[in-house]
Structure formats: structure tokens, C-alpha cells
Amino acid sequence: MSHPLVPEVKKYAESNDVVIYMKGSPEFPMCGFSAKAVSVLKAAGAKSISGFDVLSDDDMWTALEELTEWPTVPQIFIKGKFIGGCDIVTEMYERGELQSLISGS
Amino acid sequence: MTPEQLKTKIKGLHPETHVEVTDLTGTQDHYQVLVVSPVFQGKLMVEQHKMIMGILKSEIDSEEVHALSMKTYTPEQYKKTNPPLGKE
């Protein structure tokens with residue numbers, strides 16, 4: 001039986017074009033990888049980024065990792081789709097793939 | 001896990017998979033891998049990475065592989081940004 005909060009994690013992930021589950025917040029990131037992911041998303045053209053601080057809610061953190069089957073944080077969603085962590089969004093940015101995902105072209 | 005073992009395991013994805021392995025620390029448990037494979041066709045990068053992590057699940061869970069950074073490409077993507085792959 002999957003974690004009861006998985007639907008909640010999905011709902012939040014779909015609440016904005018660019019959503020990041022991270023340590024801290026986009027304005028005050030509390031980990032280097034989370035901070036880097038936010039700056040890469042901004043560089044790729046993300047206008048508003050919704051951030052969820054996993055440090056503030058262990059249950060949501062557990063449900064998140066069950067949903068995405070991805071072991072680390074930050075975790076980035078674009079238009080409700082799980083895209084990956086810091087390394088992946090950085091690599092996609094360098095290939096120009098992140099920009100087109102965000103602009104939706 | 002030795003670089004050769006790692007390379008062989010990842011090549012299990014598909015016969016035409018090209019794999020380059022770098023032992024980042026010389027301790028055979030912090031690796032960077034470049035993987036070019038037709039099986040990545042039409043897949044998001046995170047799905048490509050999950051395929052590799054899936055093949056190495058037991059080594060990752062047992063910490064035999066402690067850190068793994070990956071660069072994944074389809075053959076077409078790789079051609080666009082890199083010199084042709086040497087034949088092995």
C-alpha cells in the first residue's frame with residue numbers, strides 16, 4: 001500500500017510550472033545542491049519557482065521518495081513531471097534541454 | 001567493483017551500448033560513467049539514469065559503488081556534441 005501522502009506530493013508538484021522539493025526554500029536554500037538547482041532553474045528561464053522544504057515535513061519527504069523512486073533531494077518537477085535532481089537539471093541546462101522544457105516550446 | 005566489471009554490467013543494457021568508466025578516487029567505488037545507448041531513445045534523462053541505477057541496484061545498496069555520476073546520451077545526441085565513438 002503506497003504512502004498516504006503520495007497524492008499530496010503529486011498535487012503540490014502540479015501546483016506550478018516549476019516545483020522543487022528541497023532543503024530550505026528558493027529564497028533561503030539550506031544545502032548547496034538545492035541552491036545550485038534553484039539558480040540553474042532561474043538561469044533556464046523559470047519565472048516563479050514553488051519550493052517545498054522537506055526538512056519541515058518528514059512524511060512528505062518519505063512519500064516523495066516513494067513516488068519518484070529517487071534517493072536524493074533536491075527533486076525538480078516541470079509541468080507536473082519529475083525531471084530529476086541537481087546533476088540532471090544542470091546537465092540538461094548545459095544541453096539546452098531545460099530551457100525548452102521550461103518555456104514549453 | 002572493478003571498472004571492467006562495471007563496464008560489462010552497464011553494457012548489459014544493449015549490445016550496442018558504448019561505456020566509458022572513470023574511477024574518480026582510485027578506490028573502485030566512486031565512478032563517473034559515460035553511457036551511449038539506443039535504449040535511451042525517447043527517454044527523459046532521469047529515466048535513462050534510473051535504468052543504470054536499476055542494473056547496479058545491488059552494488060549501490062551494498063555501497064560497493066558509493067558514488068556514481070552519469071552522463072547519458074542516445075547515439076544521435078552523442079554524435080551532435082562529440083567526436084565519433086571509436087569502434088571497440
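A note on names: the letters A, B, ... follow the listed sequences, proteins ahead of strands, and every chain is numbered from 1.
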Checking H18(B) against E20(B): is there a side-chain donor and acceptor pair closer than 3.5 Å? yes
When rounded to the nearest 0.5 Å, the distance separating CG of D53(A) from CE of M60(A) is 11.5 Å
Hey, what's the ring geometry for H30(B) with H66(B), parallel, tilted or perpendicular (30° and 60° as the breaks)? tilted
Would the number of heavy atoms belonging to other residues, nucleotides or ligands and lying under 6.0 Å from NZ of K36(A) be above 12? no
Out of K81(A), E97(A), M92(A), R95(A), return the one with the most heavy atom pairs under 4.5 angstrom to chain B. R95(A)
Any side-chain heavy-atom pair from L6(B) and L56(B) closer than 4.5 angstrom? yes
Under 4.5 Å from any heavy atom of chain A - which part of Q77(B): side chain
Distance, nearest 0.5 Å, that separates CG of D29(B) from CD of E59(B): 12.5 Å
Flag for T22(B)-Q32(B): side-chain donor and acceptor within less than 3.5 Å: no
If one checks every heavy atom of E69(A) against chain B at 4.5 Å, the contacting part turns out to be both
Measuring heavy-atom distances to chain A, does M70(B) have an atom under 4.5 Å in its side chain, in its backbone, in both, or in neither? neither
Checking an interface table here. Which of residues 3-26 of chain A come within a heavy-atom distance under 4.5 Å of chain B? none
Taking atom types as modelled, find out whether T68(A) and Q75(A) have a side-chain donor-acceptor pair closer than 3.5 angstrom. yes
